[in-house]
Amino acid sequence: MSFLQRFIERVLRTNSTRMPRTSFDDLSQEELDAHLQVGRYGQFALTDAIRPSFGLEIIPREGYRRDLYRDPESGNTMPVLAASVSSESLFDVFMDLLGPLGEEVDVVMESSHESEPGCHADLYREHMDTVILQSTLYDYEDLLLHDGCTGIAALNPDGPMEVQFDEHKLLFVYAHDLEPFEQILKDHGLKRDDTIKFISEAEHLHSTDDVYREQFDELRYRLGIDV
C-alpha cells in the first residue's frame, strides 16, 4: 500500500467518527492527495509519519530551540532542547543524543495506536544497557521514523535527564545541563533559533499502518516491556 493510501485509509477514513472536524474536511480529494504527497519543503524532508496543515501555518524546517518546562503540579522547572531534523539525519541525531544519558537508561515506549486523538499510552522498562537499546533500535529504524503513532524516550535512572523521540518525529532533551546535547545538535549542523515553530504546534495529520502496530509489539517484546 502506498504512503498516500496509508494516510487516507488509516487516518482519515478509519478514524473519521472520532476525529474532530479540521480544515482537511473542506478539501477536495484532489487537493488532499496533492498535499499529502508533498514530502519536502525546501531542504527539509519529512518522514512518512506526519504532514502539516493544508494552509501551512507552520512550514517544517530544521533547527532547534531552548525552552523551559514547568511541571504543572510541583511548579519545578527543567531546561529543554526541542529540535526538528530532516528525515535523512533524524535517526542518527537521536541515536547520538542517547550517549550523554550514560551507560544505563530507563526506556518508555509511547503508543497512540488505539488512543483518542491527542492521547497516548506509556510502557516502561527500567535499567537497560544503552548500547543494547541502541543496537535494538537500529532494527526498527523504519518504525521509529515513519509511524505517526510511535514514540520512544530514554531516561537517566539516577537523575532528571531524558531524550524523547516523539510521534511527531521531533526530538526533545530535558536536562539541567544541556551543553553535551546541544553540542551534538551543532555537530550535525543544526542551528539554534528560539523563534522556530514545530509541525506539532499547528493542525497536522499523523499516518500509521497495521504493519507498524505489529512492529511496535515486536520492539516492545525485544525491549522486555510488559503491557
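In what follows, residues are counted from 1 in the order of the sequence shown. Keep in mind that what you see is a predicted model, and the values were worked out from it rather than measured.
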Distance in Å, [X] [atom1] paired with [Y] [atom2], rounded so as to fall on 0.5 Å steps:
{"X": "Asp71", "Y": "Asn76", "atom1": "CG", "atom2": "CG", "value": "6.5 Å"}
{"X": "Asp193", "Y": "Arg65", "atom1": "CG", "atom2": "CZ", "value": "9.5 Å"}
{"X": "Ile152", "Y": "Asp122", "atom1": "CD1", "atom2": "CG", "value": "11.5 Å"}
{"X": "Met78", "Y": "Asp67", "atom1": "CE", "atom2": "CG", "value": "13.5 Å"}
{"X": "Phe198", "Y": "Leu171", "atom1": "CZ", "atom2": "CG", "value": "9.5 Å"}

Do you see a donor-acceptor pair shorter than 3.5 Å between the side chains of Tyr212 and Asp142?
yes
Using a distance-only test with no angle check, is there a side-chain donor-acceptor pair under 3.5 angstrom linking Ser207 and Asp48?
no
Check: Tyr138 ring centre within less than 6.0 Å of Phe91 ring centre:
yes
Sequence neighbours excluded - salt bridge (charged side-chain N to carboxylate O under 4.0 Å, His left out) pairs with any residue from residues 87-104
none
Show which side-chain atoms of residues 154-162 pair as donor or acceptor with protein atoms under 3.5 Å away, not counting sequence neighbours.
from: Asn156; atom 1: OD1; to: Asp158; atom 2: N; distance (Å): 2.7
from: Asn156; atom 1: ND2; to: Leu101; atom 2: O; distance (Å): 2.9

Donor-acceptor under 3.5 Å (Arg51 side chain, Val38 main chain):
yes
Gln215 and Leu219, any side-chain heavy atoms less than 4.5 Å apart
no
